[in-house]
Amino acid sequence: MPDAPARPPSDSKPLSAPQRALRKLGLVRAIDLALHLPLRYEDETALIQLADARCGETVQIEGAVTHQEVALRPRRQLLVTVSDGSGACVLRFFSFYPAQQKQMAVGQRVRARGELRPGPGCLTMMHPTVRAAGGALPRALTPVYPASAGLPQPYLRKAVWSGLERADLSETVPPEILSQLSHQPLWNLHDALSFLHQPPPDASLAELESHSHPAWQRLKADELLAQQLSQLQARRARRQLRAPPLQPRAHGLPEQLLAALPFQLTAAQRRVSEEIARDLAREQPMHRLLQGDVGSGKTVVAALAACLAIDGGWQCALMAPTEILARQHFARLAEWLAPLLAARNQSVAWLTGSQQKKERGQMLQAIQSGQAALVVGTHAVIQEQVRFERLGLAVIDEQHRFGVQQRLDLRNKLSQSQQEPHLLMMSATPIPRTLAMSYYADLDVSTLDELPPGRTPVITKLAAAHRRADVSARIRAQIAQGRQVYWVCPLIEESEALDLRNATETHAELQQALPGHQVGLLHSRMAVADKKAVMEQFVSGALPVLVSTTVIEVGVDVANASLMVIEHAERFGLSQLHQLRGRVGRGSAAAACVLLYAAPESGRLGETARARLKAMIETGDGFEIARRDLELRGPGEFLGARQSGAALLRFADLAQDAPLLQWARRAAPQMLDTHPGQAARHIDRWLGGKEQYLKA
């Protein structure tokens, strides 16, 4: 039976506000509604006498309204006194409407549910749920669903229950595969969903809220299986695609580059380069993620891969998310490769949206003719007018900063030849193992787990905002030693919404505190030429201090910078703090990172902010940082833009549900091989067509 839509397509009437809100939440099909599970539950199955109730409890009472008034002090509010014969309670509303006043007129009997609090003379409830008294009590807990503006809970409940009745909930997972998950009989999908939408009064709220109930376990297992099936399907589909095989040549460009480099590769760089070379030699397109901590040397690995492509007569494109990062890559790669390419009458091209028309035209011509063997740039690389003669390898740095469609656009640059380029994605945010097993299961992952020699460990210290003068003194000491300093701020200009120190104010403050020393300012709203000039001054050593927003988060490499100050560090994400810290310690001098934090009026930082700062103090290991960041933020926020358009896990928790993930990884190939039809139905049920985005 095909899954019925939430609203018949033949109905040509305009959508109501609640219907539009349902669509906005992605609740289109009946199965979408059935899988829209409650956030929490309210127990409206019983009434309690006020004489038996205690403060702090959330209870439901029924009684007669004995008094109603609109008080004006200390602020306008509606006060309604309800008596149930055993005691009285005042219902207090700061926001109310005439219809509510009529509903709770003196003499009316009402049913109210809320948290009891002490009040003057009797108990009170703040903004309780109120309805007319009478009628049978519910026989199940009342679900409270994730909603949005214009979508009342009663409407959403009816829509969800209608979807639950109409959805095809027949089993898609074969019994022999389900039996591998548990020795106990598992709940079927229909019973699990029915239970979670309408649990009986005696259901364990603790098990429901912790998602540990067997009904939740069944749903999480199904969700993880759908993800693994779609990832495996994408990996197998790529085996049918074709890419140019890039075989290494004797005494080719890679060997020439290694001979010209002023340093030796680490063992990890050699191992990963060999993994990539094996992939590039195949006719199937490479789809590999190169991950490594800050400063682990990903760029030279990408350069060696580019050399293999160029040696084979193909072009390579490298795309970075910001112009500053792209320019850093261009400078480094041009330094290494331009002399080698010149002997072949080839070049390294630079492409960005801010280029002058004449220069851009020259670059486009060089790319189309094939004279530009390596193209480095920003999003400009994927614009329609950019035509490669023979694109054999696409490299995407900081891949999580790009949307899925942008990566697809770059891969499609070779589509006219019935081939697609090999794809190497790079990330300086290491991917925790559970993420690699789930969201990145369709990729081959290479890991640089070794830092090049000479990297100086960075000492990290916390400092309260009132110690800014001490930090300024530390900056003066660094400048006196000929060192350079970063000062990073979260905002560019003053914001009414957030009371944060901003870059322009800090810049002016430091200019006063450091007389005789030039202080630079860098932020994303500056003109491209101005940003370039400031960065060139800092890289050359002419600027001792650079005040910046997070545009310097990745890619900036100044060996002489020995101190990083991060203002309002409590506002930054953990991975972002680690990336910023990685801008120092790149030379031989001792390096430090000072995390300036400002406690709120309460005097205590929030739990998450404290956990972030504690992690920064305790470890400099990017993989451990990533693991803790995943715990704090969850996979959706951690992954950023990689999964744009694709469904994130809504129910499974990668930290808690590792056994379910292991089962799903084992079950996916078995199910695709032996029950392909059921596998397709299972993927469609959970992803609804979004699995196409996993191909990126």
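All heavy atoms count here, side chains included; hydrogens, waters and symmetry mates do not. On a predicted model such as this, the values are computed, not experimentally measured, just so you know.
By the 4.5 Å heavy-atom criterion applied to side chains, L169 and I31 are counted as neighbours. Side-chain contact between E209 and Y41: absent, with no pair of heavy atoms (C-beta onward) separated by less than 4.5 Å. S86 has its side chain within reach of L50: a pair of non-hydrogen atoms, C-beta onward, lies under 4.5 Å apart. Within the 4.5 Å cutoff, side-chain heavy atoms of F96 are placed close to those of V70. Residues M125 and C89 have side chains in contact (heavy-atom distance under 4.5 Å, counting atoms from C-beta outward). Side-chain contact between L193 and L189: present, with at least one pair of heavy atoms (C-beta onward) separated by less than 4.5 Å. D653 has its side chain out of reach of H211: every pair of non-hydrogen atoms, C-beta onward, lies at least 4.5 Å apart. With contacts defined as side-chain heavy-atom distances shorter than 4.5 Å, the pair L181/Q217 does not qualify.
Checked by atom type and distance alone, the side chain of W663 pairs as donor or acceptor with a backbone atom of I177 at under 3.5 Å. Under a 3.5 Å cut-off, the side chain of H36 and the backbone N or O of P146 do form a donor-acceptor pair. Using a distance-only test at 3.5 Å, with no hydrogens or angles considered, no donor-acceptor pair links the side chain of R612 to the main chain of R571. A donor-acceptor contact shorter than 3.5 Å links the side chain of E57 to the backbone of R54. Side chain of E171 to backbone of N188: no donor-acceptor contact under 3.5 angstrom is found. With hydrogens and angles ignored, the 3.5 Å screen pairs a side-chain donor or acceptor of R685 with a backbone N or O of D168. A donor-acceptor pair under 3.5 Å is absent between the side-chain atoms of Q108 and the main chain of A132, judged by distance alone. Between the side chain of R111 and the main chain of G134, a donor-acceptor pair closer than 3.5 Å is present. The closest donor-acceptor contact from the side chain of D32 to the backbone of V28 lies under 3.5 Å. Although no hydrogens or angles enter the test, the distance criterion places no donor-acceptor pair under 3.5 Å between the side chain of E44 and the main chain of Q60.
Surrounding CZ of R610 are more than 12 heavy atoms belonging to other residues, nucleotides or ligands, all under 6.0 Å away. The local environment of OH in Y97 is sparse, with at most 12 non-hydrogen atoms from other residues, nucleotides or ligands closer than 6.0 Å. Remark: E69 CD is packed, more than 12 non-hydrogen atoms of other residues, nucleotides or ligands lying under 6.0 Å away.
With 3.5 Å as the limit, one finds a donor-acceptor pair spanning the side chains of T172 and H682. Of the N and O atoms on the side chains of Q576 and H578, not one donor lies less than 3.5 Å from an acceptor on the other residue. With hydrogens and angles left out, the side-chain atoms of T619 and E624 include no donor and acceptor closer than 3.5 Å.
Across P199 and L196, no two heavy atoms sit closer than the pair CD-O, 3.7 Å. T45 and L141 get closest at one heavy-atom pair: CG2-N, 4.2 Å. For the pair A147 and L156, the tightest heavy-atom approach, listed with the atom from each and the gap, is CB-CD2, 4.0 Å. Scanning all heavy atoms of the two residues, the minimum distance from R665 to Q228 falls at CG-OE1, 3.2 Å. Closest heavy-atom contact between R681 and S170: NH2-OG, 2.7 Å. Contact detail for A46 and L137: the closest heavy-atom pair is CA-CD1, 4.1 Å.
A salt bridge links E62 to R109: one of the charged nitrogens lies within less than 4.0 Å of a carboxylate oxygen. Ion pairing between R218 and D191 fails under the 4.0 Å rule for side-chain N and carboxylate O.
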For the pair S162 and L33, evaluate side-chain contact (heavy atoms from CB on, under 4.5 Å) and give the outcome as yes or no after the intermediate values.
CA-CA 8 Å; S162 169; L33 289 161; 6.0 Å; no
Would you please test R157 and V144 for side-chain contact (heavy atoms from CB on, under 4.5 Å) and show each step?
CA-CA 8 Å; R157 287 187 191 113; V144 179; 4.3 Å; yes
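With ring centers used as reference points, Y145 lies under 6.0 Å from H197.
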